[in-house]
There are 2 protein chains.
Amino acid sequence: MAEVTLKDVALASGCSIATVSRVLAGTRPVGAETARTVREAAERLGYRPNHVARALRSRSTGTVGLVLPQITNPFFPTLVRELEHALHAEGRAVLLADCDDDPETEAARIAALLSRRVDALLLIPVDERRSREAVAAAAAQVPLVLLDRGCGPGVADSVAVDNAAGMALVLEHLAATGRRRPCFIGAAGTASTAVERRAAYEAGAAALDPEAPGRSALGDFSVEWGRAAVDRLWPSRPDAVVCANDLIAAGALQRLRQLGADVPGEVAVTGFDDIPLAGLADPALTTVRQPVGELAAEAARLLARRPAGGDPGPRRTVRLAPQLVVRASSVPDPRPLDRTRSASKV
Amino acid sequence: MAEVTLKDVALASGCSIATVSRVLAGTRPVGAETARTVREAAERLGYRPNHVARALRSRSTGTVGLVLPQITNPFFPTLVRELEHALHAEGRAVLLADCDDDPETEAARIAALLSRRVDALLLIPVDERRSREAVAAAAAQVPLVLLDRGCGPGVADSVAVDNAAGMALVLEHLAATGRRRPCFIGAAGTASTAVERRAAYEAGAAALDPEAPGRSALGDFSVEWGRAAVDRLWPSRPDAVVCANDLIAAGALQRLRQLGADVPGEVAVTGFDDIPLAGLADPALTTVRQPVGELAAEAARLLARRPAGGDPGPRRTVRLAPQLVVRASSVPDPRPLDRTRSASKV
DNA sequence: CTGAAAGCGCTAACAA
DNA sequence: TTGTTAGCGCTTTCAG
């Protein structure tokens with residue numbers, strides 16, 4: 001299995017290795033006749049370009065680093081899948097890094113990817129603040145796009161769902177179906193998803209009921225917290241439990257059922273993200289779907305747009321419109337309300 | 001941010017680039033004094049080795065390709081996480097490929113990774129048969145370890161859970177808790193997990209009840225199939241529904257509840273894999289936990305063991321012992337039965 | 001133990 | 001349009 005190189009193909013096709021390179025890489029125009037001969041010889045010899053050599057010379061590896069907090073977070077696999085496909089379609093490979101939800105691990109992973117000379121970085125930061133330093137340093141070296149979560153202003157390009165719009169869709173739906181006493185189970189902390197969703201609840205719920213913003217409990221994005229928070233909020237007899245993500249909502253649903261509550265008759269429950277679990281819950285969860293495919297496409301587009309040269313330039317932020325998915329946890333006989341999706345750039 | 005190279009470090013430390021390389025890569029013995037000077041200079045200049053150049057020269061990229069059917073299958077993220085950590089600990093990076101459950105995409109992804117010169121491949125085949133050709137070809141080029149699922153005999157090293165032992169644990173537990181009329185919801189097809197689990201059910205259930213092996217329905221590994229299969233099997237009044245994986249079990253659980261069945265009082269339900277969803281189901285699912293961490297560690301070990309040179313040598317197969325996790329879907333008041341875990345090599 | 005020199009396979013100037 | 005010539009940054013003989 002002796003490696004076939006450009007030289008071999010050049011020898012076999014009777015032209016220089018430069019020409020062969022140009023044909024196979026499609027870098028520059030080449031005579032039609034020669035091109036055919038070369039391609040034929042390459043085919044016949046079973047030539048496979050050596051990406052390593054190419055990368056060394058051209059200073060571009062054709063790889064993108066994908067750094068995320070925890071692949072086991074059920075929202076990420078779908079996103080990873082879309083990103084992998086979008087990038088592969090452009091002939092780029094994905095180096096995956098899992099940070100174990102720890103900013104120090106994250107910094108180490110970023111450094112490792114950088115020393116592997118990734119062309120760019122796609123990154124979902126572990127923490128709004130504690131990730132900032134490492135992210136900013138990385139953004140100075142390669143094009144970097146923040147996904148799903150922010151990391152302070154002006155640090156890098158970013159693309160995320162419009163959390164406020166999503167929460168507004170939920171509240172609008174609850175109002176339209178006659179709910180008047182909503183409450184909120186959210187996440188404490190500075191993560192942009194946590195902040196934006198709870199702010200949007202507070203802003204929107206006040207219109208429904210002046211007391212509503214006060215009926216909220218803040219913990220983390222977990223099922224356990226969803227269960228615990230219900231015990232805190234249920235005594236106030238809400239007719240809707242708005243949750244900051246689907247995991248919380250799944251926990252809330254479980255606990256409400258244990259307490260004998262009638263969902264959705266007595267109380268509606270809503271989530272956010274539309275992870276696979278949402279459709280499986282019983283009753284199935286009304287939630288806000290993130291446009292994962294577009295998120296991935298937009299991230300790829302931002303990467304392509306930003307020049308490889310270290311020039312920072314102005315940061316771009318893309319916000320994608322979410323979609324409400326109505327299921328049995330908020331109405332007895334769900335009938336999906338399709339919302340049109342659109343992207344707005346800021 | 002001019003790249004610091006070996007040459008710069010050599011210049012700054014007053015010795016040759018060869019010596020610097022030897023110090024920094026630790027390849028050969030170097031005088032203690034020189035070593036210190038070199039390391040100091042490297043530190044001071046902020047030298048970062050260029051993995052691409054190193055790879056070209058040493059013919060080893062330090063990357064491993066991880067190829068899987070679908071990252072959105074809820075069993076895989078945990079496995080990916082463990083593999084990523086195990087490999088990163090050895091200083092290797094992970095190139096991720098998602099095959100969309102399609103053997104042709106799988107073949108393309110394998111080819112792409114190979115042309116990127118991965119040192120090795122970790123692969124969960126899409127299909128027992130249709131993946132074989134591409135996998136065998138790849139295994140001829142780089143060390144390759146099959147994970148979780150097989151791909152025909154003698155194709156490559158492989159490591160997987162002992163599916164038969166897992167099913168035996170389930171049946172044993174059901175027998176011990178007084179169940180006498182089990183039925184089985186499995187997956188059709190040739191995937192090794194499907195075959196092994198249903199064979200083990202048939203073998204083990206006969207001891208419980210001669211009619212039991214006949215009470216089985218075969219579909220795929222999905223929630224939908226779990227729901228549908230219950231409608232087929234419930235009329236035969238089983239007192240236990242043994243499922244080939246957790247997704248099926250989740251569907252079965254849902255449908256049984258809709259039918260008003262009392263779980264676990266009237267009928268027990270069991271799964272396989274122990275995906276995160278299992279603990280969240282209501283009632284929580286009794287299932288078989290795969291030793292994911294050990295699976296990953298063993299895979300990494302097999303890779304390390306196999307020489308980079310194309311010498312096939314005998315294939316190794318490692319089977320890891322699973323663990324029964326008893327939850328509320330099989331007993332009213334669950335108390336975990338801890339099984340000792342051990343690895344046996346064949 | 002250390003240095004000099006030869007490439008790994010490819011692409012990018014620069015000529016022709 | 002094509003060929004020639006330098007390297008990319010590193011590791012690895014081969015001498016010393």
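Letters A, B, ... are given to chains in the order of the sequence lines, protein chains preceding strands, and every chain is numbered from 1.
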| remark: Note: B:Arg116 and B:Thr61 closest approach over all heavy atoms is O-CG2, 4.0 Å
| request: Identify the two heavy atoms, one from A:Arg315 and one from A:Gly154, that lie closest to each other, and give their separation to 0.1 Å. | output: NE-O, 3.4 Å
| field | First encountered from the 5' end of DNA chain D, between B:Ser21 and A:Val20 | value | A:Val20
| task | Can you tell me the distance, in whole Å, between the CZ atom of B:Arg54 and the P atom of C:dG9? | result | 19 Å
| said: With a 4.0 Å limit, can you tell me whether A:Ser16 has a side-chain N or O closer than that to the phosphate oxygens OP1/OP2 of D:dG3? | reply: yes
| query | In terms of side-chain heavy atoms of A:Ile17, which of D:dC8, D:dC10, C:dT11 is nearest? | reply | C:dT11
| request: Assign each of B:Arg117 and B:Ala32 to its nearest nucleotide of DNA chain C by heavy atoms, then name whichever residue's nucleotide is nearer the 5' end. | output: B:Ala32
| Closest heavy-atom pair and its distance - B:Thr190, B:Glu128 | O-OE1, 3.2 Å
| said: Can you say whether a donor on the side chain of A:Arg57 sits under 3.5 Å from an acceptor on the base of D:dG7, or the other way round? | reply: yes
| query | Would a 4.5 Å heavy-atom cut-off, applied to side chains only, mark B:Arg81 and A:Asp100 as touching? | reply | yes
| message | Between C1' on C:dG9 and CG on A:Asp8, what's the gap in Å once rounded to a whole number? | response | 11 Å
| query | Starting at CG of B:Asn50 and ending at P of C:dC8, how long is that distance when rounded to a whole Å? | reply | 18 Å
| query | Does OP1 or OP2 of D:dC10 have a side-chain N or O of B:Arg22 closer than 4.0 Å? | reply | no
| remark: A:Leu56 CG to C:dT11 P, in whole Å, measures 11 Å
| query | So does A:Thr34 get a side-chain nitrogen or oxygen closer than 4.0 Å to the phosphate oxygens (OP1/OP2) of D:dT2? | reply | yes
| task | Check for a donor-acceptor pair, side chain of B:Asp102 on one end and backbone N or O of B:Cys99 on the other, with a separation under 3.5 Å. | result | no
| message | Taking only side-chain N and O atoms of A:Arg59, does any of them lie within less than 4.0 angstrom of OP1 or OP2 on D:dC8? | response | no
| said: Does D:dG3 have OP1 or OP2 under 4.0 Å away from a side-chain N or O of A:Thr19? | reply: yes
| query | Just how far, in rounded Å, is C1' of D:dC10 from CD of B:Glu3? | reply | 13 Å
| Taking the side chain of B:Leu6 as its heavy atoms from C-beta onward, which of C:dG9, C:dT11, D:dT11 lies nearest to it? | D:dT11
| request: Find which nucleotide of DNA chain C each of B:Ala35 and A:Ala25 is nearest to by heavy atoms, and output the residue with the more 5' nucleotide. | output: B:Ala35
| request: With DNA chain D as reference, determine whether B:Arg28 or A:Ser58 sits nearer its 5' end, using the nearest nucleotide of each. | output: A:Ser58
